[in-house]
Amino acid sequence: MTRGAAPPARRARQRAPFPRSFYDRETELVARELLGAVLECHASDGVVSGRIVETEAYIGAHDPACHAAAGLTARTAPLYGPPGLAYVYLIYGMHWCFNAVTREEGHGSAVLVRALEPLEGIDVMWRRRARARRLQDLTNGPAKLCAALGITGAQNLCRLDRPPLIIRPGAEVPDANVAITPRIGITRAADWPLRWIVTDSDFTSRTPPHFFRRPLA
DNA sequence: ATCCGGATCGCCT
DNA sequence: GGCGATCCGGATG
């Protein structure tokens with residue numbers, strides 16, 4: 001072995017994780033401001049991270065598409081808990097989805113992270129997402145990004161400011177590069193404009209052609 | 001005790 | 001564009 005492994009990958013200086021107060025605000029605002037932020041997951045095989053390019057707001061018990069509409073149960077307890085924690089749930093018996101809980105305890109709201117642009121640990125992502133053909137397919141859906149980052153129910157209720165899960169500020173995304181659409185894949189409140197996307201990113205999931213798309217600027 | 005539908009994905013036509 | 005996979009939470013009886 002030669003002395004010294006490959007130099008560490010150059011990366012932008014990391015900013016401090018968002019504090020709890022970032023999440024203790026209107027869910028729509030948090031969904032908007034999470035665009036451009038970096039979500040990272042730490043595991044034994046390394047750190048994997050991506051830049052958030054698509055989010056959805058689930059705004060509480062009065063939102064029929066939000067799990068909190070079922071009331072306070074064992075499953076929805078994380079939603080009703082303090083802001084700044086992870087709510088990770090299983091969908092269709094096989095896929096995990098990741099949310100950041102917002103607003104004060106008892107509100108039942110969260111932001112679903114729906115797509116990332118891969119940053120660190122891309123080799124690990126390819127291993128975890130063996131069927132993906134293109135780079136975009138690693139993380140352009142809520143369950144895909146959980147698989148790529150290694151997020152499972154084991155991270156449910158984890159804080160988002162320390163390992164294994166951290167969300168940090170990234171380069172801000174200007175309003176000119178943001179659009180709002182209805183949420184994907186739901187049947188109730190299907191027309192509520194609560195999905196935020198980075199319009200010039202190649203890493204968002206598909207927007208159905210008939211969806212309206214409101215530019216932010 | 002049983003039934004139903006779901007914040008998805010990938011493979012099929 | 002359609003559909004099956006595969007399991008759980010919540011509703012109903």
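Here the structure is a predicted model, which is why all the values come from computation and not from measurement. Sequence lines set the chain letters: A, B, ... in the order given, protein chains first and strands last, and positions in each chain run from 1.
- The separation of C:dT6 from B:dT2, taken at their P atoms, amounts to 22 Å, rounded to a whole angstrom.
- The side-chain heavy atoms of A:Tyr58 and A:Arg183, taken from C-beta on, include a pair separated by under 4.5 Å.
- If you chain together hydrophobic residues whose side chains sit under 4.5 Å apart, A:Trp96 and A:Tyr89 never meet in one group.
- Contact annotation for A:Arg75: backbone-only contact, meaning every heavy-atom pair under 4.0 Å involves sugar-phosphate atoms and none involves a base.
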Got a list of protein N/O to nucleotides 1-7 of chain C N/O distances below 3.5 Å?
| unit_1 | atom_1 | unit_2 | atom_2 | d |
| --- | --- | --- | --- | --- |
| C:dT6 | O2 | A:Tyr92 | O | 2.5 |

* Given the rule that a pair is Watson-Crick or G-U wobble with both distances under 3.5 Å, how would you write DNA chain B in dot-bracket, using | for pairs to a different strand? -> ||||||.|||||.
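- Looking only at side-chain heavy atoms (C-beta outward), A:Ile197 and A:Thr181 come within less than 4.5 Å of each other.
- With A:Asn99 contributing its side chain and A:Val101 its backbone, the two residues share no donor-acceptor pair below 3.5 Å.
- With sequence neighbours left out, the side-chain hydrogen bond (donor to acceptor under 3.5 Å, both in side chains) criterion links A:Thr73 to A:Thr76.
- Between the side chain of A:Ser205 and the main chain of A:Gly141, no donor-acceptor pair closer than 3.5 Å is present.
- A cation-pi geometry, defined here as NZ or CZ lying under 6.0 Å from the six-membered ring centre and within 45° of its normal, holds between A:Arg25 and A:Phe22.
- Looking at heavy-atom distances under 4.0 Å, A:Leu112 makes contact with a base.
- A:Leu85 and A:Val111 are not part of a single hydrophobic cluster, where members link through side-chain heavy atoms under 4.5 Å apart.
- Between A:Val111 and A:Asp137, the residue whose closest nucleotide on DNA chain B is further toward the 5' end is A:Val111.
- With sequence neighbours excluded, the residues satisfying side chain to side chain contact (heavy atoms under 4.5 Å, CB included) with A:Ala68 are A:Cys66, A:Leu79, A:Tyr80.
- Heavy atoms of A:Arg129 sit under 4.0 angstrom from primed sugar atoms or phosphate atoms, though from no base atom.
- Contacts between chain A and DNA chain B, taken as any atom within less than 4.0 angstrom of a protein heavy atom, begin and end at B:dG6 to B:dC11.
- Heavy-atom distances to DNA chain B give each of A:Ala132 and A:Gly185 a nearest nucleotide, and the one nearer the 5′ end belongs to A:Gly185.
- In this structure, A:Ala65 reaches the bases: a heavy-atom distance under 4.0 Å links it to at least one base atom across the strands shown.
- The hydrophobic cluster containing A:Phe211 also includes A:Ile184, under a criterion of side-chain heavy atoms closer than 4.5 Å among ILVMFWY residues, counted directly or through chains of members.
- Figure legend: A:Arg75 and A:Tyr87 shown without cation-pi pairing, the cationic atom not lying both under 6.0 angstrom from the six-membered ring centre and within 45 degrees of its axis.
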